[in-house]
Undergrad: 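Below you'll find the structure I mean.
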Number of protein chains: 2
Amino acid sequence: MSQSLAKIKKDFTQGISQISRFWGFPKGMGAIFAVLYISPTALSLDEIVTETGLTKGAVSTEIRTLARMGLVHRSTKLGDRKDYYTAETDFYAAIRSILQERQNSEFDRAVRSVRDTLTAMEDNWVENEEWNFVYARVQALQEFFDAIDSLSKAVIKLESLGLSNVTKILGVLK
Amino acid sequence: MSQSLAKIKKDFTQGISQISRFWGFPKGMGAIFAVLYISPTALSLDEIVTETGLTKGAVSTEIRTLARMGLVHRSTKLGDRKDYYTAETDFYAAIRSILQERQNSEFDRAVRSVRDTLTAMEDNWVENEEWNFVYARVQALQEFFDAIDSLSKAVIKLESLGLSNVTKILGVLK
DNA sequence: GAGTACGTTTAGTAATTACTAAACGTAATA
DNA sequence: TATTACGTTTAGTAATTACTAAACGTACTC
């Protein structure tokens, strides 16, 4: 009944693709991860191509971002010039890796622009009601971003704590 | 120097738009929120239109999703048939609201599909190595999703705890 | 050093998403 | 009942993003 295993794999892959899209990633990326995740062996780029139905080019570029996120790992076999890929199975590690990735890049730049707004106002201060109001609001927002920032840094630092433990702890706080 | 306040508002709005896009929301949505956030008074739909440069239609639809997320609030004035909008300033409340929103919808459906994969395998069991392997992997993924689920439920339950406190607590765990 | 087996880049296309313009519905006002 | 002042819906367009097909580069093999 290997036929129905094929169907199960296909359904699973579709499900992960949906989840991928939900989180704002291309669905092809989800498909690639899914295929690797349920494969007992490391797969070559061409094997991924046939499993997902995407082209080499697409797999090549998307798998690079998956690797950068720490969701897949590239390896090689001696005397074989193909690259082989496996899925990361420690999702907690993957989350940390993604957070680290986001630490730099776009988001940081955008957050910095809020801080810039604040210093621009300070450097150019006008004492009136609206000015004060806007300043206070922007400042509150910046504090919120700072909190997010330290939260994600804290999560990054947690080496071995499983997500379920974090859940329990938050549960106790209620 | 009200002219430079206008510039500051514009820069701030642009920054928030970027952040909005980063999180996978339309940048117009970010602009609408930003304009409301730094406005001392509640704004009507048409005022938002002139401030953001979007059309009525766009503001109408996007503000509805902002309201559903709890990021803005709609209000009315007696003897005035306009709707007025204000920004939510308690971001922690907004986060809870967004999590609650996501609890239903797409993501849940996708996660359910993983669970379906598991039961499909159980109902149709074949005893061989690959089958066992795939089952174990899918099961691990499902446990991860369950953990995420209880984490978000736990966060939703925390009524009054500020985000910065959560940060501190996670810091201690290290 | 010609042929082959790869991964990558690029230029173009398909699909999706964000938005506009304008018609529409509704309720208050005259 | 006609007019006005609103918010919503809809049908189409612009912009963005995901992807394909094919050329390309590189390095290994004979």
Side-chain angles (χ1 to χ4, degrees), chain A residues 13-14 16-36 42-69 71-86 105-106 110, chain B residues 13-14 16-36 42-69 71-86 105-106 110:
Chain A
T13 303
Q14 288 214 123
I16 301 301
S17 298
Q18 286 296 103
I19 291 170
S20 174
R21 269 194 41 193
F22 180 80
W23 290 108
F25 302 110
K27 72 181 205 292
M29 226 177 91
I32 293 169
F33 179 81
V35 161
L36 290 174
L43 297 182
S44 70
L45 194 137
D46 274 322
E47 285 168 322
I48 296 168
V49 165
T50 61
E51 291 288 325
T52 58
L54 301 172
T55 59
K56 274 206 304 177
V59 175
S60 171
T61 58
E62 311 230 304
I63 212 160
R64 196 173 338 145
T65 82
L66 278 169
R68 210 178 47 222
M69 285 185 188
L71 279 166
V72 309
H73 302 291
R74 191 185 303 236
S75 59
T76 49
K77 296 178 184 172
L78 281 118
D80 183 344
R81 42 181 153 132
K82 282 180 205 145
D83 289 346
Y84 288 89
Y85 299 93
T86 54
S105 81
E106 287 308 300
Chain B
T13 303
Q14 287 213 124
I16 301 301
S17 298
Q18 285 296 104
I19 292 170
S20 175
R21 267 194 44 193
F22 180 80
W23 290 107
F25 302 110
K27 71 180 204 294
M29 226 177 91
I32 293 169
F33 179 81
V35 161
L36 290 174
L43 298 181
S44 70
L45 193 136
D46 274 323
E47 285 169 324
I48 297 168
V49 165
T50 61
E51 290 289 325
T52 57
L54 301 173
T55 59
K56 276 206 302 175
V59 174
S60 172
T61 58
E62 311 230 303
I63 212 161
R64 196 172 339 143
T65 81
L66 278 169
R68 210 178 46 220
M69 284 186 191
L71 278 166
V72 310
H73 302 292
R74 191 186 304 236
S75 60
T76 50
K77 295 179 183 170
L78 280 116
D80 182 345
R81 41 180 154 134
K82 282 180 204 144
D83 290 345
Y84 287 90
Y85 299 92
T86 55
S105 81
E106 288 307 301

Undergrad: When the distance from CG of A:Asp80 to P of D:dT29 is rounded to whole Å, what number comes out?
TA: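 Rounding to the nearest Å, CG of A:Asp80 and P of D:dT29 are 11 Å apart.
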Undergrad: Out of curiosity, A:Thr61 OG1 to A:Leu54 CG, how far, rounded to the nearest 0.5 Å?
TA: 9.5 Å
Undergrad: When you match B:Asp46 and A:Glu62 each to their closest nucleotide on DNA chain D, which lands nearer the 5' end?
TA: B:Asp46
Undergrad: Check the distance between D:dC6's P and B:Glu47's CD and give it to me in whole angstrom.
TA: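 Atom-to-atom, B:Glu47 to D:dC6, this comes out as 10 Å.
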Undergrad: For B:Ala58 and A:Arg74, find the nucleotide of DNA chain C closest to each by heavy atoms; which residue's nucleotide sits nearer the 5' end?
TA: A:Arg74
Undergrad: Could you tell me the separation between the OG1 atom of A:Thr50 and the CG atom of A:Leu43, rounded to the nearest 0.5 Å?
TA: 8.5 Å
Undergrad: Return the 5'-most residue of the pair A:Leu45, A:Lys27 with respect to DNA chain C, ranking by each residue's nearest nucleotide.
TA: A:Leu45
Undergrad: What distance do B:Ile32 atom CD1 and B:Leu71 atom CG have between them, rounded to the nearest 0.5 Å?
TA: 11.5 Å
Undergrad: Could you tell me the separation between the CZ atom of B:Arg81 and the P atom of C:dT29, rounded to a whole number of Å?
TA: 6 Å
Undergrad: Side chain of A:Thr61 only, please: which of C:dG7, C:dA18, C:dT9 is the nearest?
TA: C:dT9
Undergrad: Looking across every strand, which nucleic acid part, if any, lies under 4.0 Å from B:Lys56 by heavy atom: base, sugar-phosphate, or nothing?
TA: base
Undergrad: Does a side-chain heavy-atom distance below 4.5 Å link A:Tyr84 with A:Glu47?
TA: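 Side-chain contact under 4.5 Å: yes.
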Undergrad: Using whole Å, what does the distance between atom C1' of nucleotide D:dT8 and atom CZ of B:Arg68 come to?
TA: 15 Å
Undergrad: Which of the following nucleotides, D:dC19, D:dT9, C:dA21, is nearest to the side chain of B:Thr55?
TA: C:dA21
Undergrad: At 4.0 Å (heavy atoms only), tell me whether B:Gly28 reaches a base, stays on the sugar-phosphate, or touches nothing.
TA: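 Sugar-phosphate contact only.
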Undergrad: Using 0.5 Å steps for rounding, measure from the CG atom of B:Asp83 to the OG atom of B:Ser75.
TA: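 Rounded to the nearest 0.5 Å, the CG-OG separation comes out at 8.0 Å.
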Undergrad: Tell me: NZ of A:Lys82 to C1' of C:dT4, nearest whole Å?
TA: 13 Å
Undergrad: Is the shortest side-chain N/O distance from A:Ser60 to OP1 or OP2 of C:dT8 below 4.0 Å?
TA: yes
Undergrad: With heavy atoms under 4.0 Å as the rule, sort A:Gly53 into base, sugar-phosphate or nothing.
TA: sugar-phosphate
Undergrad: Roughly, in whole Å, what's the span from CZ in B:Arg21 to C1' in C:dT16?
TA: 14 Å
Undergrad: Between C1' on D:dC19 and CZ on A:Phe25, what's the gap in Å once rounded to a whole number?
TA: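 Going from CZ in A:Phe25 over to C1' in D:dC19 covers 18 Å.
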Undergrad: Taking CG from B:Leu54 and P from C:dA22, how many angstroms apart are they, rounded to a whole number?
TA: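 Atom CG in B:Leu54 sits about 17 Å away from atom P in C:dA22.
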